[in-house]
Amino acid sequence: MLNFEDTWDYLKGPDLWLLIGERVFKVILIIVLALIVVRVTRKVVDRLFKKREKGPIRITERRENTLKKLIKNVVAYIVYFVAIIMILDNVFGFQVGALLAGAGVAGLAIGFGAQNLVRDIISGFFIIFEDQFSVGDYVGVAGIEGTVEEIGLRTTKVLSWTGELHVLPNGNVTQVINYSIHNGLSIVDVNIPYESNVNDAENAINNIVATLPDKYDFIVGVPEIIGVQNLDVSHFTIRIIADTLPGFQWAGERNIRKEIQNQLYNAGIEIPAPRIVMYSGNDKEKLLDKNRERGE
């Protein structure tokens, strides 16, 4: 049994520090090699996708961005896992084979209780395989609207337009609204007072909507006047629709309203507003007399 002096001599001796230094060097070397492999792999993936642009196989840019991020993440996970195994085996001398066998048995037992994790991974696979949405798409999912920042096998990251980053388990993605695949449709209702003529209002609107495609690149084609959409108490409503680039339907609505409002104002057509009509006592009596005469 070692006494205190023997232990102290061992701690001060060169053998211990050489062993520690050797193991630290191996750990640093493995980590550095893992980082280099990950970085090189990412550059190779970027070059492969860049060369693919000249090949016969064509995929959309949104799907390309999704696959690139997914491949890079999967490669990083595998390399880091291998690096950890190498450190445990070659540096610290753990029996990795027995450890992995035990982990396999334990993983089987844990798998029965990790149903949500399995569901997330399966859902993530089908999201990517079916191309439900891709990185850069503007989507509505799980009650959240925003731009897809990243798609993984377990989670999806969605950045809302107000700046919040939402991390959603893929198992919660049960219904998706993708605004970035097809052209959007801007729908604008314009209220016109009854004092104005319908034809005059439509002519004024036609004059301005014909110029919108030249002003705004995201408006596809000349907006179309559908006609009188509604008859209200103090006004009638004219509806205008316009095709826009995917995800720009809201911007189209805002700019169409602004341009039409300015044109109607210049044409002398007022936007209806709530009005209060007041009668004096004499006017009230006259109205009552007229109503009595009509009743007779």
Side-chain angles (χ1 to χ4, degrees), residues 34-35 37-50 52-53 55 57-88 96-182 246-247:
L35 293 175
V37 171
V38 170
R39 181 168 295 183
V40 170
T41 303
R42 288 178 175 175
K43 290 184 178 180
V44 169
V45 171
D46 290 334
R47 290 185 179 180
L48 288 176
F49 275 92
K50 191 172 183 179
R52 182 210 52 78
E53 296 176 358
I57 301 176
R58 301 288 182 180
I59 59 176
T60 60
E61 182 180 357
R62 41 189 289 279
R63 187 163 178 79
E64 177 180 319
N65 294 333
T66 301
L67 293 175
K68 283 169 62 176
K69 283 196 173 185
L70 180 63
I71 293 173
K72 291 178 181 179
N73 289 337
V74 170
V75 170
Y77 294 151
I78 294 174
V79 171
Y80 293 147
F81 177 76
V82 172
I84 292 173
I85 296 299
M86 292 177 63
I87 291 173
L88 292 176
V96 179
L99 183 64
L100 293 177
V105 176
L108 182 62
I110 295 173
F112 289 103
Q115 297 180 5
N116 289 337
L117 177 62
V118 176
R119 183 187 64 175
D120 293 340
I121 294 176
I122 294 175
S123 298
F125 171 78
F126 280 105
I127 287 173
I128 297 169
F129 179 75
E130 296 176 353
D131 194 21
Q132 297 178 13
F133 53 83
S134 299
V135 173
D137 287 356
Y138 190 86
V139 300
V141 56
I144 298 170
E145 284 192 2
T147 304
V148 179
E149 290 288 305
E150 183 178 331
I151 303 175
L153 287 178
R154 196 182 68 83
T155 61
T156 294
K157 296 180 181 179
V158 179
L159 181 66
S160 65
W161 68 277
T162 51
E164 297 87 359
L165 181 65
H166 302 271
V167 181
L168 304 173
N170 290 330
N172 292 348
V173 181
T174 57
Q175 185 176 3
V176 180
I177 303 174
N178 195 330
Y179 298 98
S180 300
I181 296 179
H182 302 292

Shortest non-hydrogen contact from [X] to [Y]?
X: V158; Y: E145; value: CG1-C, 4.4 Å
X: R42; Y: A76; value: NH2-CB, 4.3 Å
X: G171; Y: S123; value: CA-OG, 3.7 Å
X: S180; Y: G136; value: OG-O, 4.5 Å
X: F133; Y: I151; value: O-CD1, 3.4 Å

Close side-chain approach of [X] to [Y], heavy-atom, < 4.5 Å:
X: E150; Y: L159; answer: no
X: N170; Y: F126; answer: no
X: K157; Y: L165; answer: yes

Next item on the list: Check whether more than 12 heavy atoms from other residues, nucleotides or ligands sit under 6.0 Å from atom NZ of K72, and answer yes or no.
Entry: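 Buried by this count: over 12 neighbours within 6.0 Å.
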
Item checked: Within 6.0 angstrom of E164 CD, more than 12 heavy atoms from elsewhere ->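 Counting other residues, nucleotides and ligands, CD of E164 exceeds 12 neighbours.
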
Atom pair [atom1] ([X]) and [atom2] ([Y]), whose distance is rounded to the nearest 0.5 Å:
X: I181; Y: D137; atom1: CD1; atom2: CG; value: 6.5 Å
X: S134; Y: N178; atom1: OG; atom2: CG; value: 7.5 Å
X: I78; Y: T41; atom1: CD1; atom2: OG1; value: 10.0 Å

Next item on the list: For side chain to side chain contact (heavy atoms under 4.5 Å, CB included), just list the numbers for T155 and H166, CA-CA rounded to whole Å, side-chain angles, deciding distance to a tenth of an Å, and then say yes or no.
Entry: CA-CA 10 Å; T155 61; H166 302 271; over 6 Å; no

